[in-house]
Amino acid sequence: MGLCSTRYGIALIIHVCNFIAAAQSTVINITMVAMVNTTDHQFQFNGSTEHYVNTFLQMAYCSILCFLKAPTYDWSPQIQGIIFASAAYGMTLTMALSGYLAGRVGTKRVVGVSLFASSLLIIFSPLAAELGLISLIATRMVQGLVQGSIFGGQNALWERWGPPHERSRLCTIALSGMLLGTFTITLVGGLISQTLGWPFAFYIFGGIGCVYCPFWFILIYDDPVSHPWINVTEKEYIISSLAQQIHQPLPIKAMLKSLPLWSICVCSFGHQWLVAILITYTPTYISSVFSVNIRDNGLLSALPFIIAWVIGILGGYLADFLLTKNVRLVTVRKIATFLGNFPSSALLVALPYLPPSYITTMTFLTLSCGLSPLCQSGIYINALDLAPRYSSFLMGTTRGLANIAALLAPTVSGFLLNQDSEFGWRNVFLLLFAINLSGLIFYLICGDAVVQDWAKGRKLTRL
């Protein structure tokens, strides 16, 4: 079996889905450099031939931009922060609900419909920007609603497809698609914006999502029993390895009193604050420090995310390897969570105090971003350990609560950058470090990885 098995095929299909969804979610982070008008073109008359040539070239360039429908907008850093955060408002609302809904009606329907809706909204985003700031923010909020259903709805699959000792690697393979999507859009988004115009970055990745949706509905099945092509041996292995339980009402009161569950939420919030800053502001930080063009900005900004993609996948295999060596599950989860939080935030907080240079900045950004996905083998699948039969709801809920950081971080950071141009980045990174460290300490003290009493119940031997 192994990597050629159906369950790993399912993880790869979700990987591609997350690749597309993350690219659609973060496309505006790189295109924002091209969308914002930072230069006023002044055409003044003088008698030199050189000036006539330059004026003609500038007018031709502006005509090309108009033809490619690539307008620019006068948005302050604070307005940009609101735009960045607007999708997170909708995403926070639907992550928990979509996880619960997917557990009832199936991941195939919830995620498939949501991906198609997200793709359509991305295609219409340039038009929304042309209609006005309110229109763009509203479009991104609706996009956040459906993207929250993509990220929250997929969790239900691992209740039925993920053997306990393979969950770390299966989940990290699936989740690492987000990092690859972020890397790809950051890498090619700048090139597309410079050559075709920034709207085409939205059109291309929205179109890719629309094309992929039929493949999703054909290839994804909600459990091994309904899968028509799965090997019988693998089907029996998955079923026998899972302790499936009948659905019962959610023990909400017990969940609210659970310290291990709250520790996941708080630590995830701190980590999502870190991730939001890395994903949202890496292109902007590089542009502000080095004043590079958008193509080179995309190349520099993309490097940390391809490293993160590789480390994220390897981290899942390492976590499962440690489990086979009888390392305690809670120890594995806490090691992964610590390595994905503390070094990353510490590197960022040190960055403004060092002399600016390409090598130093890119090394720190790459290490910070590269280590952060180790949390995929920690807090982000910990709910599967605490309550396997409620995991789709809990994973969606914890990610949804953590996603509040994704709406607060850009808004607060935009305010800090707008208020203090000299020390803005230092304040952004210091706040990030304080929030991240607080959540990590709480998790290290209160985190657990054993099935909670309120999550135990009568077991079934089949799906």
Side-chain angles (χ1 to χ4, degrees), residues 3 5-27 87 90-91 94-95 97-99 101-103 105-123 143-162 167 169-186 188 202 204-224 226-227 229 275 279 305-306 308-309 312-313 316 373 376 380-381 391-392 395-396 399-400 403 406:
L3 293 176
S5 61
T6 304
R7 62 188 180 279
Y8 282 91
I10 293 291
L12 183 60
I13 295 167
I14 302 174
H15 178 96
V16 178
C17 174
N18 285 333
F19 166 88
I20 296 170
Q24 293 176 352
S25 178
T26 58
V27 60
M91 202 176 295
T94 54
M95 275 195 172
L97 294 175
S98 62
L101 182 63
V105 304
T107 297
K108 173 188 279 195
R109 296 176 183 175
V110 173
V111 175
V113 172
S114 299
L115 180 61
F116 183 70
S118 174
S119 301
L120 292 180
L121 287 166
I122 280 293
I123 291 173
Q143 180 192 344
L145 288 171
V146 296
Q147 287 198 327
S149 298
I150 296 173
F151 298 133
Q154 63 188 256
N155 297 321
L157 277 179
W158 303 122
E159 293 179 19
R160 301 175 175 89
W161 279 101
R167 281 175 179 166
R169 73 191 88 163
L170 287 169
C171 286
T172 52
I173 289 172
L175 292 173
S176 61
M178 299 181 192
L179 294 167
L180 187 61
T182 303
F183 161 77
T184 303
I185 189 60
T186 305
V188 305
F202 291 83
I204 290 171
F205 282 90
I208 291 173
C210 291
V211 171
Y212 184 71
C213 283
F215 293 97
W216 171 271
F217 284 106
I218 293 171
L219 298 173
I220 281 291
Y221 289 85
D222 292 311
D223 55 61
S226 62
H227 200 290
W229 310 305
V275 171
I279 292 177
F305 295 104
I306 191 62
W309 175 68
I313 294 177
Q376 292 175 356
Y380 290 123
I381 60 171
S391 60
S392 60
M395 290 175 74
R399 289 295 293 266
N403 203 63

Engineer: Taking T107 for its side chain and G153 for its backbone only, find out whether a donor-acceptor pair lies under 3.5 Å.
Structural biologist: yes
Engineer: Nearest 0.5 Å, please: how far is OG1 in T184 from CH2 in W309?
Structural biologist: 9.0 Å
Engineer: Under the 3.5 angstrom rule, does the side chain of S149 hit a backbone N or O of T94 as a donor-acceptor pair?
Structural biologist: no
Engineer: Which atom names give the shortest non-hydrogen contact between P214 and C210, and what distance separates them?
Structural biologist: CD-O, 3.3 Å
Engineer: For Y212, does the OH atom sit with more than 12 other heavy atoms under 6.0 Å from it, leaving out its own atoms?
Structural biologist: yes
Engineer: Check ring pair (Phe, Tyr, Trp, His ring centres under 6.0 Å) between F205 and all other residues, then give those that pass, not counting sequence neighbours.
Structural biologist: none
Engineer: What are the two closest non-hydrogen atoms of T172 and I313, and how far apart are they?
Structural biologist: OG1-O, 4.1 Å
Engineer: Roughly how far apart are L121 CG and F116 CZ, rounded to 0.5 Å?
Structural biologist: 10.5 Å
Engineer: Rounded to the nearest 0.5 Å, how far apart are OG of S25 and CD1 of I122?
Structural biologist: 7.5 Å
Engineer: To the nearest 0.5 Å, what is the distance between NE2 on H227 and CZ on R7?
Structural biologist: 12.5 Å
Engineer: Taking K108 for the side chain and D222 for the main chain, is one N or O donor matched with an acceptor at less than 3.5 Å?
Structural biologist: no
Engineer: Which heavy-atom pair separates L179 from A308 by the least distance, and what is that distance?
Structural biologist: CD1-O, 3.4 Å
Engineer: Taking all non-hydrogen atoms of both residues into account, name the closest pair between S118 and Q24 and its distance.
Structural biologist: OG-OE1, 2.7 Å
Engineer: Walk me through whether R160 and Y221 qualify under side chain to side chain contact (heavy atoms under 4.5 Å, CB included).
Structural biologist: CA-CA 10 Å; R160 301 175 175 89; Y221 289 85; over 6 Å; no
Engineer: Answer whether the closest heavy-atom distance between the side chains of V113 and F217 falls below 4.5 Å.
Structural biologist: yes
Engineer: Are there over 12 heavy-atom neighbours, none belonging to F215, within less than 6.0 Å of that residue's CZ?
Structural biologist: no
Engineer: What distance separates C213 SG from I20 CD1, expressed to the nearest 0.5 Å?
Structural biologist: 7.5 Å
Engineer: Hey, what do you get for CD1 (I220) to CG (L157), rounding to the nearest 0.5 Å?
Structural biologist: 5.5 Å
Engineer: Give a yes or no answer on whether the side chain of T182 reaches the backbone of M178 with a donor-acceptor pair at less than 3.5 Å.
Structural biologist: yes
Engineer: Is there a side-chain contact between I14 and W158 (heavy atoms, below 4.5 Å)?
Structural biologist: yes
Engineer: Decide side chain to side chain contact (heavy atoms under 4.5 Å, CB included) for T6 and W229; before the verdict, give the C-alpha distance in whole Å, the side-chain angles of both, and the deciding distance to 0.1 Å.
Structural biologist: CA-CA 8 Å; T6 304; W229 310 305; over 6 Å; no
Engineer: Check whether any side-chain heavy atom of L115 lies under 4.5 Å from a side-chain heavy atom of V146, and answer yes or no.
Structural biologist: no
Engineer: Please name all residues satisfying side chain to side chain contact (heavy atoms under 4.5 Å, CB included) with N403, sequence neighbours left out, ordered by chain then number.
Structural biologist: A88, M91, T92, M95, Q272, A406
Engineer: Please find the pair of heavy atoms, one from Q154 and one from V111, that lie closest to each other, and give the distance.
Structural biologist: N-CG2, 3.8 Å
Engineer: N18 side chain to S176 main-chain N or O, any donor-acceptor pair under 3.5 Å?
Structural biologist: no
Engineer: Indicate yes or no for a side-chain donor-acceptor contact from Q147 to the backbone of A21 under 3.5 Å, with no hydrogens or angles considered.
Structural biologist: yes
Engineer: So do W216 and V16 actually touch side chain to side chain, heavy atoms under 4.5 Å?
Structural biologist: no
Engineer: For a quick test of reading the model, state the closest non-hydrogen atom pair linking A11 to I173 and the distance between them.
Structural biologist: CB-CG2, 3.9 Å
Engineer: Could you go through the side chain to side chain contact (heavy atoms under 4.5 Å, CB included) check for L180 and H15 one step at a time?
Structural biologist: CA-CA 9 Å; L180 187 61; H15 178 96; 3.7 Å; yes
